[in-house]
Structures are given as structure tokens and as C-alpha cells.
Amino acid sequence: MQSVNRTRPSQDILLQSELAQRIADHQEQIATRRRIDRASQDPAAWAQISDTAKVQANMGAWLRNIDRGLSIAAQADGAMTEINTRLTRATELLVQASSETISAQDRETIAQEIESIGWTIADLLDQENAFGRPLFSDNPPLEIPIDDNVVAIAAPSKADFAALDPLLTDIASAVRTGDAATRSALLDPLRLQTGIAANILGNHGIETDRLLQGAKRLEDRQIDVSEYRATLEETDLALAITEVQKLLISLEAAQATYTRIQQSSLFDQIR
């Protein structure tokens with residue numbers, strides 16, 4: 001009987017220590033609102049949290065890509081809108097130059113303005129984006145990853161406008177030295193390229209919308225993933241408080257039991 005009593009206090013102390021540690025853990029969870037902060041607490045949930053964190057990191061990277069893509073797309077939109085405006089002006093000038101009633105001096109002025117249009121378009125196509133890279137890549141067009149296996153084109157290829165420079169050069173030359181038939185023959189190619197440029201701008205608007213819709217989807221998914229992660233790692237305060245109260249009762253009971261055993265053992269020794 002004495003050998004049992006000699007080993008029993010150490011078991012009681014161990015129980016009290018375990019209860020105190022569990023109380024401390026729950027109190028920390030209540031204070032930090034986090035149920036899990038290391039793998040040993042819940043290995044299965046920790047693995048899910050780690051996977052969720054990777055998904056959140058990927059979504060964050062895709063959203064940053066979209067922000068960058070939208071910045072480039074806006075700059076490209078402005079440049080292509082200006083190109084379309086300049087081509088419309090070039091068409092007006094060519095029609096004007098085809099008239100037999102204007103003087104050679106007027107045709108020279110028109111030729112110079114058409115040359116200026118060509119230089120302006122070349123400058124627009126050669127500009128850099130806000131990140132120090134060509135706004136219109138030579139080939140292929142700039143693609144931005146915005147989701148798993150999903151890309152959007154932030155700006156079209158410079159090659160899509162390759163026909164403009166030689167065409168405007170030919171038009172300026174024809175205005176200066178060509179006859180009416182030569183100038184009139186260049187109207188259809190110019191109108192064709194103007195239509196192509198307008199279609200490129202329209203398709204660019206579709207790609208910009210893809211970027212915007214991609215951002216909206218990712219933002220919605222971020223909310224869902226964050227809520228799911230919260231269910232894995234955040235503390236249920238009501239449950240944690242209830243558990244602390246239960247553990248406190250158990251600890252008080254264990255301490256009371258230990259005290260009675262100690263008093264009983266001391267009485268036996270005196271007797």
C-alpha cells in the first residue's frame with residue numbers, strides 16, 4: 001500500500017501539468033484567434049492549410065500579373081486609338097491629294113503630313129511600357145498568365161502593323177510625284193489597313209475585358225479560399241472558452257484529489 005502511495009503523487013502531478021498545458025494552449029488560441037500554428041497540433045489540418053496557402057500565393061501572383069497587364073493594356077489602347085485616328089487622317093489627305101484641282105505645293109504639304117503620320121505611328125509602335133519593355137513586342141504578342149493554364153494578351157504584336165510604314169511611304173511618294181491613277185490605287189490598301197487596325201483595337205478591347213473578368217473571378221475565389229482557411233486554423237471562441245472552463249474544473253478536481261492523497265499519506269506516516 002505504501003509503494004502505491006509513493007508512486008501516485010507523481011502521476012497526479014503529471015495529470016495536473018497536462019491539464020495546465022492544455023488550458024494554456026486554449027488560452028493562447030483565444031488570445032490569438034488561431035487554433036493551429038504548428039503541424040503537431042493537427043497534422044491533417046496543417047497539410048490542408050499549407051495547400052491553401054500555396055493556392056492563395058498563386059492567386060496573389062495572378063492578380064499582380066493582371067494589374068500589370070491592365071496597365072500595359074491601357075497604354076496600348078491609347079497608342080492604337082491614336083494610330084486609328086492618324087490613319088483616318090491619312091485617308092482624308094490621300095483623297096484630297098487625288099483631286100486635280102490642287103497645286104503641286106499643296107501636294108507637297110500633304111505629302112509631308114503623311115510622312116509625319118508615318119513617323120508618329122512608328123514612334124507609337126516603338127515605345128516602351130511602364131516596366132521598361134517594348135509595349136508592342138516584335139513577335140509573338142505579350143501574354144500574361146492570369147490563372148492555371150490561362151493567359152491574356154496585354155498588347156498585340158508590332159508585326160500586326162508591319163504593312164503601315166511601307167504603305168505610308170509609298171502614299172507620300174505618290175502624292176509628290178505620282179499621277180491621279182496611282183494615288184487613287186493606293187486608297188483601297190490604305191482603307192484595308194485602316195480596317196485591320198480598327199479590328200486589332202476591337203480585339204484588344206476583348207482581351208482587356210478578359211483581364212478584368214479574370215481579376216473579378218480571382219477576387220471572388222480569394223474570399224472563398226480565405227474563408228475556408230479560416231475554418232481550418234481560426235479558433236471557435238465559444239468552443240475554446242467552454243473547453244477552458246471544463247479543463248479548469250478538471251484541474252481543480254485533480255489538485256483537490258492530490259491534496260487529499262498527500263494529507264492521507266502524511267497521516268499514515270505519523271501514525
Can you measure from [atom1] ([X]) to [atom2] ([Y]) and round to the nearest 0.5 angstrom?
X: Asn84; Y: Leu87; atom1: CG; atom2: CG; result: 6.0 Å
X: Arg217; Y: Met59; atom1: CZ; atom2: CE; result: 13.0 Å
X: Trp62; Y: Gln222; atom1: CH2; atom2: CD; result: 11.0 Å
X: Ser71; Y: Leu211; atom1: OG; atom2: CG; result: 11.0 Å
X: Ile206; Y: His204; atom1: CD1; atom2: NE2; result: 11.0 Å
X: Asp170; Y: Asp165; atom1: CG; atom2: CG; result: 9.5 Å

Among Leu125, Ile72, Leu124, whose side-chain contact (heavy atoms from CB on, under 4.5 Å) with Leu135 holds?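 Exactly one option meets the side-chain contact (heavy atoms from CB on, under 4.5 Å) with Leu135, and it is Ile72.
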Only one of Asp147, Asn58, Asn65 clears side-chain contact (heavy atoms from CB on, under 4.5 Å) with Leu218; which?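 Testing each of Asp147, Asn58, Asn65 against Leu218, the sole residue satisfying side-chain contact (heavy atoms from CB on, under 4.5 Å) is Asp147.
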Mind checking side-chain hydrogen bond (donor to acceptor under 3.5 Å, both in side chains) for Arg86 and listing every partner two or more places apart, or none if nothing turns up?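 For Arg86, the residues satisfying side-chain hydrogen bond (donor to acceptor under 3.5 Å, both in side chains) (neighbours in sequence not counted) are Glu82.
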Using modelled atom types only, decide if a donor and an acceptor are shared between the side chain of [X] and the backbone of [Y] within a distance under 3.5 Å.
X: Thr85; Y: Thr81; result: yes
X: Arg183; Y: Gly178; result: yes
X: Thr109; Y: Gln105; result: yes

Kindly state each residue pair satisfying salt bridge (Lys or Arg N to Asp or Glu O under 4.0 Å) with at least one member in residues 185-207, sequence neighbours excluded.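 Listed once each, the pairs are Glu207-Arg210.
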Looking only at heavy atoms, what is the nearest atom pair of [X] and [Y], with distance?
X: Ala154; Y: Gly69; result: CB-O, 3.8 Å
X: Ile200; Y: Pro156; result: CG2-CG, 3.8 Å
X: Pro141; Y: Ser157; result: CB-N, 3.7 Å
X: Leu167; Y: Gln193; result: CD2-CG, 3.7 Å
X: Ser226; Y: Gln56; result: OG-NE2, 3.4 Å

Would Leu212 and Leu70 satisfy side-chain contact (heavy atoms from CB on, under 4.5 Å), going step by step from the backbone distance to the final call? CA-CA 8 Å; Leu212 292 169; Leu70 287 171; 3.8 Å; yes
In sequence, state the C-alpha distance, the side-chain angles, and the governing distance for Glu219 and Lys216, and then conclude on salt bridge (charged side-chain N to carboxylate O under 4.0 Å, His left out). CA-CA 5 Å; Glu219 288 166 357; Lys216 180 64 169 62; over 6 Å; no
Student check: side-chain heavy atoms of Phe136 and Met80 closer than 4.5 Å: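 Yes - at least one pair of side-chain heavy atoms lies under 4.5 Å apart.
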Would you say Ile110 and Ile102 make side-chain contact, with heavy atoms under 4.5 Å?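 Yes, at least one pair of side-chain atoms sits under 4.5 Å.
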Checking side-chain contact (heavy atoms from CB on, under 4.5 Å) for the pair Ile83/Leu164: CA distance, chi angles, key distance, verdict? CA-CA 10 Å; Ile83 288 172; Leu164 293 181; 4.2 Å; yes
Between Thr182 and Asp179, does a side chain to side chain donor-acceptor pair (under 3.5 Å) hold up when you go through it step by step? CA-CA 5 Å; Thr182 301; Asp179 55 25; 2.7 Å; yes
Go through it in stages, so that I can follow the logic: the residues are Gln112 and Arg176, the test is side-chain contact (heavy atoms from CB on, under 4.5 Å), and I'd like the CA-CA distance, side-chain angles, deciding distance and then a yes or no. CA-CA 9 Å; Gln112 290 178 5; Arg176 276 197 180 96; 3.8 Å; yes
For the residue pair Asp123 and Thr120, confirm or rule out a side-chain donor-acceptor distance under 3.5 Å.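 No, no side-chain donor-acceptor contact under 3.5 Å.
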Could you go step by step and tell me if Leu168 and Ile117 meet the side-chain contact (heavy atoms from CB on, under 4.5 Å) rule? CA-CA 8 Å; Leu168 290 170; Ile117 289 172; 4.3 Å; yes
